[in-house]
Amino acid sequence: MSKIRVRFAPSPTGGLHLGGVRTALFNYLFARKHQGDFVLRIEDTDQSRYVAGAEQYIVECLKWCGLNPDEGPHVGGTFAPYRQSERKENYRRYAETLVKDGYAYYAFDTAEDLEAQRQQIPNFRYGHGSREFLKNSLTLPDAEVKRNLEQGVPHVIRIKMPTDEMITFQDRIRGHVSFDSNLIDDKVLLKADGMPTYHLAVVVDDYLMEISHAFRGEEWLPSAPVHILLWNYLGWKDKMPEWVHLPLILKPDGNGKLSKRDGDRLGFPVYAMNWKDPKTGDLTRGFREMGFLPEAFINMLALLGWHNGSDQELFTLTELVDQFSIERISKAGAKFDFEKAKWFNHQYIRQAQVSELKSQILVCLAEKGIAVQDNQYLEKVIALVQDRLAFLQDFWDQSFFFFEQPQAYDFGTVKTNWTSSKSDFFETYIAHLEQNMSSNAQELEASFKSLATEKGMKVGELMLPFRIMLVGGKFGPGVFDIAHLLGIEETINRIQKALLTL
RNA sequence: GGCCCGUUCGUCUAGGGGUAAGGACGUUAGAUUUUCAUUCUAGAAACAGGGGUUCGAUUCCCCUACGGGCUACCA
């Protein structure tokens, strides 16, 4: 069996959609599992849609996810170049070969010509039944075709779909798939600007790069027959990769493919990382900047359309590599569920080492303009609150009171039920603390409780006020853990300050 | 419209001719947390419909319905 080689082939037109990341992931898993090569190929054949910076962005996304390609424009490789714009010469050559062999033809119809056809004919298709009435090398006299070509009249090269042929192939996910050649149009292979369309480029490059398995979204299924034909016409039939058409990732509500718009509308990210459109300057938030851990993001994506058959939900990348198989990819599209994505992230944050979280939390804090000076203290705070974080971004909301005194107190009914004996209790507690400046959390709690009993008061009526004094509201970790981490001195300060408002 | 693909709890899915149709997210209830979140326990919740095949279909076949994708000199 020949070497496994797969490619992730995005076009650099904007942010990297999570569906794209999943395609990259499946490619990566398959390649690693079979000791194959994972190639990044940039499909930048549409010059009008090219967006500056998008390629670099894609590379960074893959890096963040831990899916580093073995070959690609940024790392090179034996099959370079990896940008289709830099392989332009190849395509014309192959397209001309197809024309010579009678499998394709020149077409001189202008965009306006075609538009007019579409206006007149309801379901206009360039192909059977229409190609013989249009301006192409099938209908025009040879001399005129030759003259047109010599004079550089703009033209495209179209595939000539055969008549009455069933085009069939095996898809690794869907099994046997077949199409009637009479119903497929003569797709453009080479555009007037000399660039290939996706159809030509993908076949030529998959051949040249010796790709063994072509993973792509299900949206490509309808154009597969064109590609199959091309593999045959170019004489590469034996080298054709196996096809793996992945189920689509759908929007959570309603139906249809998940798009960036859905994310904006429903309030969750769709792109892997922040994407700033260089033209409009619009910023679209990504999973990374939303506070996702790459491991969680990948784990969540892996289970969108793939399952190992067991009850396991949490997988490391290595486990995924180990267990991945095309046979276990499902056929139907999967609706994206942000709640579940959140749950995955929560799981990974809980499991994470404090040191791992620290560096990323520091970044989040920096974004908010907050600088933390004491690293050891920060680590202790993280350890205390990490179970409560669904996102890294939640950190500040869960822990700001460790770094600054509460600005406001949510005393509410505590205030209306306040008594002088409660004030008295806290005064006494302060006095006690002053004598025991090195108490740990347990001791703090024990003395608090015994003091309350001594005074004949209910602990429950005192705990909540104490918490609010320290953090400002009804939230946070164990109150004595907070007091201990804050330090006795600061605890006393806060009690005194809050007492003034009661 | 045409072509292609698909259809198990609300969602992601496991399963597969005879099952109490399993798990996870979410949800509901209870316990813990003298806050909140976490955590724990329990519960509700699904085989799109109709025909076959069969002793027996959720599972195999066909049809219908529904959903999706594609239908550009975009990928």
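These numbers come from the heavy atoms of this one structure, side chains and all, not from hydrogens, waters or symmetry mates.
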Touch class at under 4.0 angstrom, heavy-atom based, for A:Ser330 against every strand present: sugar-phosphate
Closest nucleotide among B:C70, B:U34, B:C73 to the A:Val156 side chain: B:C73
N/O (side chain, A:Arg125) to phosphate O (OP1/OP2, B:C3) under 4.0 Å: no
Touch class at under 4.0 angstrom, heavy-atom based, for A:Thr45 against every strand present: sugar-phosphate
Whole-angstrom distance between B:G67 and B:C9, as gauged at atom P: 16 Å
G-U wobble or Watson-Crick pairing nucleotide for B:A48 (cut-off 3.5 Å, both distances): B:U64
Minimum-distance nucleotide to A:Phe179 side chain [options: B:C73, B:C4, B:A14]: B:C4
Interatomic distance, A:Leu303 atom CG to A:Arg22 atom CZ [nearest 0.5 angstrom]: 11.0 Å
B:C73 phosphate, OP1 or OP2, under 4.0 Å from A:Arg49 side-chain N/O: no
Span that lies between the C1' atom of B:A20 and that of B:A44, in whole angstrom: 16 Å
Sugar-phosphate, base or nothing in reach of A:Pro12, heavy atoms under 4.0 Å: nothing
Nucleotide nearest A:Gln347 when distance is taken to its side chain, options B:C5, B:G69, B:U39: B:U39
Minimum-distance nucleotide to A:Lys474 side chain [options: B:C5, B:U35, B:C73]: B:U35
Pair of N/O donor and acceptor under 3.5 Å linking B:A72 base with A:Lys187 side chain: no
Nearest to side-chain heavy atoms of A:Glu339, which nucleotide of B:U38, B:G1, B:G26: B:G26
Sugar-phosphate, base or nothing in reach of A:His346, heavy atoms under 4.0 Å: sugar-phosphate
B:C4 OP1/OP2 closer than 4.0 Å to side-chain N/O of A:Arg174: no
pair A:His484-A:Asp481: side-chain heavy atoms closer than 4.5 Å: no
Given B:U38, B:A75, B:U13, the nucleotide with the shortest approach to the side chain of A:Trp220: B:A75
Nucleotide opposite B:U33 in a Watson-Crick or G-U pair, distances under 3.5 Å: none
Ring pair (Phe, Tyr, Trp, His ring centres under 6.0 Å) between A:Phe287 and A:Phe297, intermediate numbers included: CA-CA 8 Å; A:Phe287 279 88; A:Phe297 182 52; 4.5 Å; yes
Between B:G23 and B:A14 - C1' atom distance, rounded Å: 7 Å
B:C74 and B:U38, which share atom name C1', separated by this distance in whole Å: 47 Å
Sugar-phosphate, base or nothing in reach of A:Lys257, heavy atoms under 4.0 Å: sugar-phosphate
B:A29 and B:A45, which share atom name C1', separated by this distance in whole Å: 15 Å
Counterpart base for B:U58, defined by Watson-Crick or G-U wobble contacts under 3.5 Å: none
Under 4.0 angstrom between A:Lys191 side-chain N/O and B:C74 OP1 or OP2: yes
Side chain A:Thr97, main chain A:Arg93, donor-acceptor under 3.5 Å: yes
B:C73 phosphate, OP1 or OP2, under 4.0 Å from A:Thr197 side-chain N/O: no
Candidates B:U71, B:C73, B:C4 - which lies nearest the side chain of A:Val177: B:C4
Residue A:Asp311, side-chain atoms from C-beta onward, closest of B:G22, B:C25, B:G15: B:G22
P spacing across the pair B:A65 / B:A72, given as an integer number of angstrom: 26 Å
Touch class at under 4.0 angstrom, heavy-atom based, for A:Asp193 against every strand present: nothing
N or O in side chain of A:Lys335 less than 4.0 angstrom from B:G6 OP1/OP2: no
Sugar-phosphate, base or nothing in reach of A:Ser178, heavy atoms under 4.0 Å: sugar-phosphate
B:U64 and B:G1, which share atom name P, separated by this distance in whole Å: 14 Å
P gap between B:A21 and B:U28, integer Å: 26 Å
Touch class at under 4.0 angstrom, heavy-atom based, for A:Val471 against every strand present: nothing
Assigned partner base of B:C25, Watson-Crick or wobble definition, under 3.5 Å: B:G10
Interatomic distance, A:Lys331 atom NZ to A:Asp171 atom CG [nearest 0.5 angstrom]: 9.5 Å
Side-chain touch A:Phe401/A:Arg494, heavy atoms, less than 4.5 angstrom: yes
Residue A:Arg350, side-chain heavy atoms: nucleotide from B:C73, B:U39, B:C5 that is nearest: B:U39
Candidate nucleotides B:A75, B:C5, B:C73, ranked by approach to the side chain of A:Glu218 - the nearest: B:C5
Point-to-point distance, once rounded to the nearest 0.5 Å, from CG of A:Leu189 to CG of A:Leu200: 4.5 Å
Geometric class of the A:His227/A:Trp220 ring pair [parallel <30°, tilted 30-60°, perpendicular >60°]: tilted
Watson-Crick or G-U wobble mate for B:C3, both contacts under 3.5 Å: B:G69
Touch class at under 4.0 angstrom, heavy-atom based, for A:Pro225 against every strand present: nothing
Sugar-phosphate only, base, or nothing, as touched by A:Arg118 at under 4.0 Å among non-hydrogen atoms: sugar-phosphate
Sugar-phosphate, base or nothing in reach of A:Ala192, heavy atoms under 4.0 Å: base
